[in-house]
Amino acid sequence: MPKITLPDGSVREFAGESVTGMEIAASIGAGLAKAAVAIEVDGKAQDLSMPISHDASIKIATAKDALGLDTLRHTMTAQVLTRAVFDLFPNTQLAIGPTVDNGFYHDVLAPKAISADDLPKIEARMREILAEPNTVVREHWEPAKVEAYFESVGQPFKVELVRDAVARGELVEGKYLSVYIQRGADGSQKYLDLCRGPHVPTFEKLRGLAFTISSLAGAYWRGDSANQQLTRLYGLGFANAKELEAYQHMRAEAEKRDHRKIGPALGLFHLQEEAPGQVFWHPAGWTIYTELTDYLRRKLDAAGYVEVNTPQRVNKVLYQKSGHWDNYRDNAFIVSDDLARPVVNPEEHADKQHVTLGALSKQMDMLDLHMLKPMNCPCHVQIFNQGVRSYRDLPLRMAEFGRCMRNEAKGALHGIMRVTSFTQDDAHIFCTTEQIQPESKLFCDLLKSVYADLGFSDYFVKLSTRPDKRIGDDALWDKAENALADACRNAGLEFQLNPGEGAFYGPKLEFVLRDCIGRDWQCGTLQVDFNMPVRLAAHYTTAEGTREPCVMLHRAILGSLERFIGILIENSEGKFPTWLAPVQALVIPIADGQVAYANEVAAQLRGSGIATATGGVRVEVDASNERMQKKILFGQQRKIPYMLVVGKKEAEEGTVAVRLRDGTDLGAKPLSWLLERVRGEVIGRKDS
RNA sequence: GCCGACAUAGCUCAGCCGGUAGAGCACAUCAUUCGUAAUGAUGGGGUCGUCUGUUCGAAUCAGAUUGUCGGCACCA
């Protein structure tokens, strides 16, 4: 006689040994019974058909809540998508098929490649399958039986999953695995899958899910590139058609904000084939870049940093010492004088234009190889190591807008967000163990203040801990990881743990921003490093006269200038706040007669003394032979904060008609009024 | 790097089954001198990413290659 507590606090008692979620839903109402797709029992998601024999708090889940929607997506991918793929591609092997934010996916290995053209066919077949009056029933089988079944039907990935579950002890009641059997109206078995569930009990309940098979991609079995690559089929799934359309519309809108589109369109930068992964900054984009670095220099100066600049090309010997050579050689650009001027006797090879690769490889060890600087830290240590350092010099905060080059995997490149040549707003804080806490706190506060100034409030923090491949003993790692966690707490930052993802020399905090299509990018970072100073002999003399290696804090606020500007473009949709806008004001003479006055206005704005990194107010005059309306349209498309229309009236009165980029017409204003306003926005880093 | 796809004027795109390229916007010139999101006319501009092949003939077919896009893996 289980007593069931409902979400409103009321308690219902049911006769008999047990009661199912379906029966509870029916006892509440026919509407709920129809809408029910799963049940939460004492906070745990379960099938509606599972008997509940103890007293429990429950919540019936429908398509309207997270669990219900998730269950529908889950059944769709595990019971319907899989069958459609089987029908169209016999002998397909199945891997996993979980739900994701906006739908679901399924990893499959088909005997012949599935192409994008097949997606509509798969979707059509799914709709046919959905029309069948099938039920989905949960059963508990012993692992050996499940394994034998999947062996017999040629599903090796499933066999592996069974063995994993057993090895990890993930068994129901300590001895079973749950399988879901799809049956037709006549009771015949249509399909059997290993799954934790829950699933909806009937296809009827599944038909309300608005779905589409949206795309396909490669994905490695178990996420390991050493494993076989499978085909991942992505689907979108929402509670109703309206939500699906709303999502697709939102995506389409978001794509219009893509920095790869807006950037070139606004004349900020371009990329081209001859320089893959590198940015050609145009004047407008470089203005933003300059404003940002100018701003950061002032912040860093106020925070007690010194700025340095270090070489672009450094002998591999230094990186062998630091450990970067072993860890990252494959992703570095390596150059050598000897390659350009090979060490071969020209007379001996007079018949050859070039040295053969074979001859070259023999010489590799002898070659004087240099890395194009992939990171700044070893160079900063070289500056630190000039002369003898005392505890009185610490903490030493050494900053550099350091240009780094990394030979990233081709498929990883992405607009200006992931490039092979970029500038870090990097700094290394050389300090004592005792200074880790206060310095980390200071940094977190500095970062928060910069992000706030730049209008970013929506970021999250990850604490990445020791990876498998690392240097330094575990005691140091304990210390470093605890230090970072404490610093985070002290600065009032919430963080999520990201196990095993730290750098090879130390754990790191990652400050992550999201772009317009929902991708996450690491921007800021703070890393505690006990290892590099030892390897590169960054010592200081203590008050007691002993020599100790210092601690290095690696830190960046924006991360890569390129990446950050990419995020900035997408977040602002190209409507930069006045202080960053490449062109802050566009003067629009209505007719030729006012061009002279327009130029005069522009000259006054330029010479206004408003302090931007590039001089006065950044202003242009549109003296073209176009109608005013068209000039406004073009100004609007360029997202210029201020358009200053000058006609006969304004020229006579010495005013400008101010139009904002949101369309607001502020009417005729004296120039002094405008200057005050712009000055306020530039100083306050505000938007127009 | 891996899987799938794409690559035609500055931009957006058309060009079916192979017979040596079109539109709109942008740009230039001329006319117009205009009050808050596109005045009109005329004109210039591409050999169809690159290379190789098939063919009497290729933007159109095949192979390779470079770049890009969507994911995966990677990200000091």
Side-chain angles (χ1 to χ4, degrees), chain A residues 105 107 109 113-119 214-234 255 258 260-261 264-265 267 270-277 319 322-325 327-332 373-378 404 406-415 417-418 424 426 467 501-506 508 510 517 519 521-522 525 527 529 532 554 559-560 563 588-595 624-637 643-650 657-661 663-668:
Chain A
Y105 67 77
D107 287 350
L109 181 62
I114 300 176
S115 88
D117 298 338
D118 297 317
L119 299 184
S214 54
S215 61
L216 89 182
Y220 299 103
W221 169 237
R222 296 180 177 292
D224 186 340
S225 59
N227 290 339
Q228 180 146 29
Q229 183 147 36
L230 313 172
T231 302
R232 179 167 294 178
L233 299 162
Y234 279 95
E255 275 163 28
D258 195 316
R260 292 168 297 185
K261 221 169 166 53
H270 86 272
L271 306 167
Q272 72 182 50
E273 196 168 340
E274 290 83 350
Y319 297 106
S322 70
H324 288 101
W325 179 260
N327 278 281
Y328 294 109
R329 177 180 19 179
D330 293 349
N331 290 313
K373 181 170 73 174
M375 86 299 296
N376 305 301
C377 30
C404 297
R406 296 179 184 173
N407 194 1
E408 304 281 12
K410 295 281 179 286
L413 300 180
H414 181 88
M417 304 277 215
R418 188 82 183 268
Q424 289 180 319
D426 200 7
E501 298 294 325
F504 74 90
Y505 50 75
K508 62 177 178 177
E510 298 176 47
I517 38 184
R519 280 189 272 225
W521 299 93
Q522 179 196 311
T525 184
Q527 303 163 14
D529 181 2
M532 200 68 54
H554 305 243
S560 140
R563 174 175 295 178
I588 299 178
I590 291 180
D592 285 354
Q594 291 92 48
V595 170
S624 70
N625 184 19
E626 290 292 348
R627 297 177 63 207
M628 174 200 64
Q629 285 89 333
K630 191 155 188 179
K631 293 181 185 180
I632 288 175
L633 172 67
F634 283 8
Q636 196 75 30
Q637 286 170 344
M643 275 179 262
L644 310 174
V645 178
V646 294
K648 270 195 192 122
K649 194 162 75 89
E650 287 77 11
V658 180
R659 183 191 202 278
L660 304 182
R661 68 184 149 195
T664 311
D665 186 353
L666 296 178

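Naming convention: chains lettered A, B, ... in sequence-line order (proteins, then strands); numbering from 1 in each chain. The shown structure was predicted, so the numbers you read here are calculated from the model rather than taken from an experiment. Computation of the quantities below employed the complete heavy-atom set of this structure, encompassing side-chain atoms and omitting hydrogens, waters and symmetry-equivalent molecules.
- Contact of the A:Phe634 side chain with the A:Glu626 side chain is not registered, since no non-hydrogen atoms from C-beta on lie closer than 4.5 Å.
- Taking only distance into account, the side chain of A:Tyr220 never meets the base of B:rG71 through a donor-acceptor pair shorter than 3.5 Å.
- Atom CG in A:Leu233 sits 5.0 Å away from atom CD1 in A:Ile114 (nearest 0.5 Å).
- Side-chain contact between A:Met643 and A:Gln636 is present, with heavy atoms from C-beta onward closer than 4.5 Å.
- Positionally, the nearest nucleotide of RNA chain B for A:Ala113 lies more toward the 5' end than for the other of A:Phe634 and A:Ala113.
- Checked by distance alone, A:Arg418 brings a side-chain donor or acceptor within 3.5 Å of a matching partner on the base of B:rC74.
- B:rC11 and B:rG24 make up a base pair, with Watson-Crick or G-U wobble contacts both under 3.5 Å.
- At the heavy-atom level, A:Ala503 lies under 4.0 Å from the strands shown only through sugar-phosphate atoms.
- A:Gly635 comes within 4.0 angstrom of no nucleic acid atom, judged by non-hydrogen atoms across all strands.
- Among the protein residues, A:Ala219 comes within range of the sugar-phosphate backbone only, with heavy atoms under 4.0 Å from sugar or phosphate atoms but none that close to a base.
- A 4.5 Å side-chain heavy-atom check between A:Ile517 and A:Glu255 finds at least one atom pair inside the cut-off.
- Nucleotide B:rU55 is matched to nothing when pairs are restricted to Watson-Crick or G-U wobble geometry with both distances under 3.5 angstrom.
- As judged by a 4.0 angstrom heavy-atom cut-off over every strand, A:Arg329 is placed among residues making no nucleic acid contact.
- For A:Arg519 and B:rG71, the shortest distance from a side-chain N or O to OP1 or OP2 is below 4.0 Å.
- Side-chain to base pairing of A:Arg659 with B:rU36: one donor and one acceptor N or O lie within less than 3.5 Å of each other.
- Contact of A:Arg232 with B:rC3 (side chain to base): no donor-acceptor pair of N or O atoms is detected under 3.5 Å.
- Between A:His324 and A:Met375 there is a side-chain heavy-atom pair separated by less than 4.5 Å.
- OP1 or OP2 of B:rA26 sits under 4.0 Å from a side-chain N or O of A:Lys630.
- Atom CE of A:Met375 is separated from atom P of B:rA76 by 10 Å (rounded to the nearest Å).
- The phosphate of B:rG67 (OP1 or OP2) has no side-chain N or O of A:Arg260 nearer than 4.0 angstrom.
- In this entry B:rA38 has no Watson-Crick or G-U wobble partner, no candidate having both defining distances under 3.5 Å.
- Among the protein residues, A:Ala657 comes within range of the nucleic acid bases, having at least one heavy atom under 4.0 Å from a base atom.
- Looking at heavy-atom distances under 4.0 Å, A:Gln637 makes no contact with the nucleic acid at all.
- In summary, A:Asp224 and A:Arg222 do not engage in a salt bridge, as defined by a charged side-chain N under 4.0 Å from a carboxylate O.
- Shown here, B:rA5 forms a base pair with B:rU68; the pair counts as Watson-Crick or G-U wobble because both key distances fall under 3.5 Å.
- Contacts of A:Asp224 with the nucleic acid, taken as non-hydrogen atoms under 4.0 Å apart, are absent.
- Residue A:Gln629 is in sugar-phosphate contact alone, with no base atom involved, counting any heavy-atom pair closer than 4.0 Å across all strands shown.
- The phosphate of B:rA37 has neither OP1 nor OP2 within less than 4.0 Å of any side-chain N or O from A:Arg661.
- Here A:Tyr105 lies out of heavy-atom contact (under 4.0 Å) with every strand.
- For B:rA73, there is no paired base (Watson-Crick or G-U wobble, both distances below 3.5 Å).
- Where A:Tyr505 and A:Asp665 meet RNA chain B, the nucleotide closest to each residue was compared, and A:Asp665 sits on the side nearer the 5' end.
- Here A:Asp592 lies in heavy-atom contact (under 4.0 Å) with a base.
- As rounded to the nearest Å, B:rG67 and B:rA28 have P atoms that lie 34 Å from one another.
- Side chain A:Glu650 to base B:rG35: a donor-acceptor pair is found below 3.5 Å.
- Using a 4.0 Å heavy-atom cutoff across all strands shown, A:Lys508 reaches sugar-phosphate atoms only and no base atom.
- A salt bridge does not link A:Arg659 with A:Asp665: none of the charged nitrogens is closer than 4.0 Å to a carboxylate oxygen.
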